S.K.: 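This is the structure, below, for whatever I ask next.
These figures come from a predicted structure and were not determined experimentally.
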Amino acid sequence: MRVLCVAEKPSISKSISQILSGGQFTTSATRSQFIKNYEFDYPQTNSFYTVTCVSGHLTGSDFPESHRKWNSCDAFELFDAPVETHVASDKKAIEDNLLTQARRADMLMIWTDCDREGEHIGLEIVRVCKRAKRNIVVKRARFSAIIAQQIHHAAQHPVELDRAQADAVEARITLDLKVGAAFTRMQTQILQNHFVQLSEARNVVSYGPCQFPTLGFVVQKWNLVKSFVSEPFWHIHMSLRRNTSSSDGEETVFNWRRGHIFDEDAAVSIYDFVLSDPLARVTKVTKKETKKWKPLPLTTFELQKAGSRLLRLAPKKVLDISEKLYQQGFLSYPRTETDQFDPQFDFHSLIRKQVVDPTWGAFANSLEEGGFAVPRKGKNNDKAHPPIHPTAHAGNLVGDERKVYEFITRRFLACCSKDALGFQTTVDVECGGEFFYATGLLVLERNYLEVYPYDKWVGHEIPEFEEGEEFQPSVCELREGKTSKPSLLTEADLVTLMDKNGIGTDATIAQHIQTIIDRDYVIEKMEGSTKYLIPSKLGIGLIEGYNQIGLNKSVSKPQLRRETERSMVQVCEGTKTKAAMLEETIVQYKEMFIIAKREFEKVISPCSAKFFTPSWTFQFGQIHGFETSVKSTCRLVECNRFFFEASIYPTYSTSE
DNA sequence: GCAAGGTC
């Protein structure tokens, strides 16, 4: 029997060919530069195998010609417009290869990643192949890691393609297209009509169910920083000078168990009580072993966060670099949600490849000589790719590539090492009815910290204390402090928020951040070596505008996307049909669209302008509290502060 | 000139 196997990407088709053929296969080129066909006998199932692949989704969706032009219809009509699906022009060579190979095959076996998108890509492949051979037998290989035993098992026990999962993805594709296009056209057309700046620059004011919540996070933090008012607080500072084994007169600070309090009168009266008691008593001395846990195996999210925070590289940049290193064979597949290694994973041969490195080679060697410990297991597994790890030693990298490779390698070695061990001493003290404590830390074994400088764990010595002893504090003062301003949002914070709230995926999070920057919704600002994200006036305006319109579900918060995700899960489980999901969700967005459009037009209605005189600052706020003022020419397009308590003309710069 | 999701 001739079996045609189709994987989601070139790397997988190659790996499964190597495993199933035991390395004995022939390779032939296709018209697509990256894609090869591999052929071999697979005697275990009496078959002749051809293994090839696609490159992600084969098809793309768009409106038909009748609705594609922006002025061809009212934006609202897009919700009910048909959607066409075609093989994209740059995928024709891949399609041709599938058609040719399918004609020769008796069975089509789908080897796409075992996730929802993979199931949908599988369906795209089936549709193309059935055009070449209508009665081809279709099977699906199910695997959770590229490990010999699993791949053989998958080849010998194929299952059926999961139509429900593919349906859920199809619903999402249609939904995102309709909602995105309808809102984008509506926003853009209304705003361009009124703002010279937008129409001259031909700026698209895009809406997307992922980009808006992402922008929402940036604006929310910005508002928090802007509205921050510092508050004074009080705390009792107690310390004692006493010699330790290594230094004389070391000052030990005892922290107040109450932390700090915001009521000055209360603080003063408590302090008076403490002062009335000249001696502090040690109530307890606790000594115990403590650990600093080694990091979890590396996912794409974590890599992007670390890249931004530790390596000062944008999430998109980190992903691009790791993609390149992967192409060169230095790294495993860089888009993974998995933070647990398979129990059968071959750690040792990978560790041995790092022994030659001048910087961390000695550490790698120490792992091979007894320092090894099985990595911790996280909670995520995408059932398709292992955590990111180095697959070969790369000695000649420079610049950012070197930084990324070094981080990934050190992280992998740290995962294979042991937790750091320490010894912690806590001294509890009572004085005037108040409780204080001091801690000391002695780092016993640094272990993984030796190879992972990104984590800090510094010991500090504490003098000897005995339970029941009394001492007179060297300092006991009531001190005043004030709450400090929260910091702006960093890229790493944003990746964390998106990950937590289910906005985007490992492969798309970086793109969404880039999109809101490209659209001029957000501006990057360097402060020292940290990059902060600040919303532009346009970005603030859009979010604040929508928030004030009073939709019952906010487009700038993660809830709507979460609901879409939940409906997709229901479609996958078979408790909801694809049609029902689309119907429900589209109705909801239609309502929101009607309200949003009405409010947009109301707020910036040109007829309001005739009431303005040159020097007025006008509270136009009865509608949504939007403040509006007009520049001297009194043309609405030259509104200075408009719509969103923000200047939208002549520039979006956010410098205060 | 629109989205988000794959991947190169």
Side-chain angles (χ1 to χ4, degrees), chain A residues 7-13 32-36 53-63 67-73 75 77-79 81 83 85 88 90-91 93-94 112-113 115-125 165-166 168-189 191-192 198-199 201-214 300 319-320 322-324 326-328 333-336 382 384-385 498 502-516 518-519 555 560-561 564-565 568 585 589 593:
Chain A
E8 186 164 319
K9 52 192 153 252
S11 64
I12 302 283
S13 61
S32 172
Q33 189 190 345
F34 300 102
I35 294 174
K36 309 244 182 310
C53 67
V54 290
S55 179
H57 286 287
L58 249 187
T59 59
S61 292
D62 206 348
F63 300 109
H67 292 73
R68 216 173 300 159
K69 289 238 163 49
W70 277 47
N71 290 317
S72 62
C73 66
E77 285 178 32
L78 294 175
F79 286 115
V83 171
T85 300
D90 57 340
K91 300 281 172 77
I94 300 175
T112 49
D113 292 356
D115 52 24
R116 258 181 352 214
E117 299 296 330
E119 227 60 30
H120 181 257
I121 294 169
L123 185 60
E124 294 178 297
I125 295 165
Q165 289 195 50
V169 170
E170 239 163 30
R172 190 217 72 229
I173 290 171
T174 305
L175 194 66
D176 286 347
L177 173 66
K178 289 187 169 180
V179 172
F183 275 78
T184 299
R185 287 186 195 180
M186 183 270 285
Q187 287 182 174
T188 307
Q189 284 164 341
L191 292 175
Q192 275 187 356
L198 285 175
S199 54
R202 298 186 65 81
N203 270 8
V204 172
V205 187
S206 64
Y207 170 82
C210 285
Q211 48 181 274
F212 256 55
T214 305
T300 308
L319 206 57
D320 290 347
S322 36
E323 173 71 33
K324 190 173 168 201
Y326 158 69
Q327 298 292 347
Q328 294 170 339
Y333 190 69
R335 284 184 283 272
T336 174
D382 63 18
H385 311 283
M498 293 171 74
I503 302 299
T505 69
D506 51 2
T508 61
I509 257 185
Q511 287 170 28
H512 296 313
I513 298 176
Q514 194 57 49
T515 301
I516 58 173
D518 292 344
R519 298 278 188 252
V555 296
L560 270 171
R561 193 63 182 171
T564 305
E565 176 68 26
M568 284 178 76
T585 321
Y589 274 102
F593 181 96

S.K.: For Tyr333(A), which contact category applies under a 4.0 Å heavy-atom criterion: base, sugar-phosphate, or nothing?
M.R.: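 It contacts sugar-phosphate atoms only.
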S.K.: In whole angstroms, how far is the P atom of dG5(B) from the CG atom of Asp382(A)?
M.R.: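 Rounding to the nearest Å, CG of Asp382(A) and P of dG5(B) are 15 Å apart.
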S.K.: Do the side-chain N or O atoms of Thr505(A) get closer than 4.0 angstrom to the phosphate oxygens (OP1, OP2) of dG6(B)?
M.R.: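 Result: yes.
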S.K.: Hey, is the main chain of Thr59(A) close enough, under 3.5 Å, to the side chain of Glu124(A) for a donor-acceptor pair?
M.R.: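 At least one qualifying donor-acceptor pair exists.
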S.K.: Would you mind classifying the nucleic acid contact of Asp62(A) as base, sugar-phosphate or nothing, using non-hydrogen atoms under 4.0 angstrom?
M.R.: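 Base: the residue Asp62(A), judged by heavy atoms under 4.0 Å, touches a nucleobase.
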S.K.: Can you figure out which of dA4(B), dT7(B), dG1(B) approaches the side chain of Ala507(A) most closely?
M.R.: dT7(B)
S.K.: Closest to the Gln211(A) side chain: dG5(B), dC2(B), dA4(B)?
M.R.: dA4(B)
S.K.: Would you kindly give the CG-to-P distance between Leu58(A) and dT7(B), to the nearest whole Å?
M.R.: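 After rounding, the reported distance stands at 13 Å.
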S.K.: Strictly below 4.0 Å, N to O, side chains only: are Glu170(A) and Arg116(A) in salt-bridge contact?
M.R.: no
S.K.: Mark yes or no for whether Gln211(A), through its side chain, and Ile516(A), through its backbone, hold a donor-acceptor pair below 3.5 Å.
M.R.: no
S.K.: State which of dG1(B), dG6(B), dA3(B) makes the closest approach to the side chain of Glu117(A).
M.R.: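 Of all the options, the side chain of Glu117(A) is nearest to dG6(B).
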S.K.: Report which part of the nucleic acid His120(A) touches: base, sugar-phosphate, or nothing (heavy-atom distance under 4.0 Å, all strands).
M.R.: nothing
S.K.: Rounding to a whole Å, what distance do you find between Arg185(A):CZ and dA3(B):P?
M.R.: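 Those two atoms, CZ and P, are 11 Å apart.
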S.K.: side-chain hydrogen bond (donor to acceptor under 3.5 Å, both in side chains) with Asp382(A): which residues, sequence neighbours excluded?
M.R.: Thr336(A), Thr338(A)
S.K.: Please pick, from dA3(B), dC2(B), dG5(B), the nucleotide with the shortest atom-to-atom distance to any side-chain atom of Val204(A).
M.R.: dC2(B)
S.K.: I want to verify a distance call: between dT7(B), dA4(B), dC2(B), whose nearest atom is closest to the Phe63(A) side chain?
M.R.: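 From the listed options, dC2(B) comes nearest.
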S.K.: Which nucleotide sits closest to the side chain of Pro10(A): dG6(B), dA3(B), dT7(B)?
M.R.: dT7(B)
S.K.: Using a 4.0 Å heavy-atom cut-off across all strands, classify Leu78(A) as base, sugar-phosphate, or nothing.
M.R.: nothing
S.K.: For the pair made of CG in Leu175(A) and C1' in dG5(B), what is the distance, rounded to whole Å?
M.R.: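 To the nearest whole Å, that distance equals 13 Å.
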S.K.: Could you check Ser61(A) against Ser11(A) and say which one's nearest nucleotide on DNA chain B is further toward the 5' end?
M.R.: Ser61(A)
S.K.: Among all residues two or more places apart in sequence or in another chain, which pass the side-chain hydrogen bond (donor to acceptor under 3.5 Å, both in side chains) test with Arg185(A)?
M.R.: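 Applying side-chain hydrogen bond (donor to acceptor under 3.5 Å, both in side chains) to Arg185(A) gives none.
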S.K.: Ring-on-base stacking between Trp70(A) and dG1(B), under 5.5 Å between centres and under 30° between planes: is it there?
M.R.: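 Taking the rule of under 5.5 Å and under 30°, the ring of Trp70(A) does stack on dG1(B).
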S.K.: Counting side-chain heavy atoms from C-beta on, which of dT7(B), dG1(B), dA3(B) comes nearest to Lys9(A)?
M.R.: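 Of all the options, the side chain of Lys9(A) is nearest to dT7(B).
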S.K.: Gln511(A) has an atom CD; how far is it from atom P of dG6(B), in whole Å?
M.R.: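 That distance rounds to 9 Å.
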S.K.: Send over the distance from Phe593(A) CZ to dC2(B) P, rounded to a whole Å.
M.R.: 17 Å
S.K.: Looking at every non-hydrogen atom in both residues, tell me the closest pair between Val555(A) and Phe212(A) and how far apart they are.
M.R.: O-CB, 3.5 Å
S.K.: Just checking Tyr207(A): base, sugar-phosphate only, or nothing, at a heavy-atom cut-off of under 4.0 Å?
M.R.: sugar-phosphate
S.K.: Of the candidate nucleotides dC2(B), dT7(B), dA3(B), which contains the atom at the shortest distance from the side chain of Pro209(A)?
M.R.: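 Of all the options, the side chain of Pro209(A) is nearest to dA3(B).
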S.K.: If you take the centroid of each ring, where Trp contributes its six-membered ring, are Phe183(A) and Phe593(A) closer together than 6.0 Å?
M.R.: yes
S.K.: NA contact type, Thr515(A), heavy-atom cut-off 4.0 Å: base, sugar-phosphate, or nothing?
M.R.: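 The answer is nothing, as Thr515(A) stays clear of every strand by at least 4.0 Å.
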S.K.: CD1 of Ile503(A) versus P of dA3(B): gap in Å, rounded?
M.R.: 16 Å
S.K.: When we call it a touch if two heavy atoms are under 4.0 Å apart, what does Ser32(A) touch: a base, just sugar-phosphate, or nothing?
M.R.: nothing
S.K.: Under 4.0 Å between a side-chain N or O of His57(A) and OP1 or OP2 of dA4(B)?
M.R.: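 Negative; the distance criterion is not met.
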S.K.: Output yes when at least one side-chain N/O atom of Arg561(A) is less than 4.0 Å from OP1 or OP2 of dG5(B), else no.
M.R.: yes
S.K.: What is the distance, to the nearest angstrom, from the CG atom on Asn203(A) to the C1' atom on dC2(B)?
M.R.: 14 Å
S.K.: Tell me whether the OP1 or OP2 atom of dA3(B) has a side-chain N or O from Ser206(A) closer than 4.0 Å.
M.R.: yes
S.K.: Mind checking if Glu8(A) touches a base, just sugar-phosphate, or nothing, with heavy atoms under 4.0 Å?
M.R.: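 Contact class for Glu8(A): sugar-phosphate only.
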S.K.: Could you tell me whether Asp320(A) and Lys324(A) make a salt bridge, using a distance below 4.0 angstrom between a side-chain N and a carboxylate O?
M.R.: no
S.K.: Contact class for Gly504(A) (heavy atom, under 4.0 Å): base, sugar-phosphate, or nothing?
M.R.: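 Touches sugar-phosphate only.
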S.K.: Among the candidates dA4(B), dC2(B), dT7(B), find the nucleotide nearest to the side-chain atoms of Arg335(A).
M.R.: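 Out of dA4(B), dC2(B), dT7(B), the nucleotide with an atom closest to Arg335(A)'s side chain is dT7(B).
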S.K.: Give one of base, sugar-phosphate or nothing for Lys91(A), where a contact means two heavy atoms less than 4.0 Å apart.
M.R.: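 Base contact - Lys91(A) has a heavy atom under 4.0 Å of at least one base atom.
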S.K.: Would you indicate what Arg519(A) reaches in the nucleic acid, counting non-hydrogen atoms under 4.0 angstrom: base, sugar-phosphate, or nothing?
M.R.: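 If one applies the 4.0 Å heavy-atom cut-off, Arg519(A) turns out to touch the sugar-phosphate alone, with no base involved.
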S.K.: Heavy atoms under 4.0 Å, any strand shown: does Gln192(A) hit a base, just sugar-phosphate, or nothing?
M.R.: base
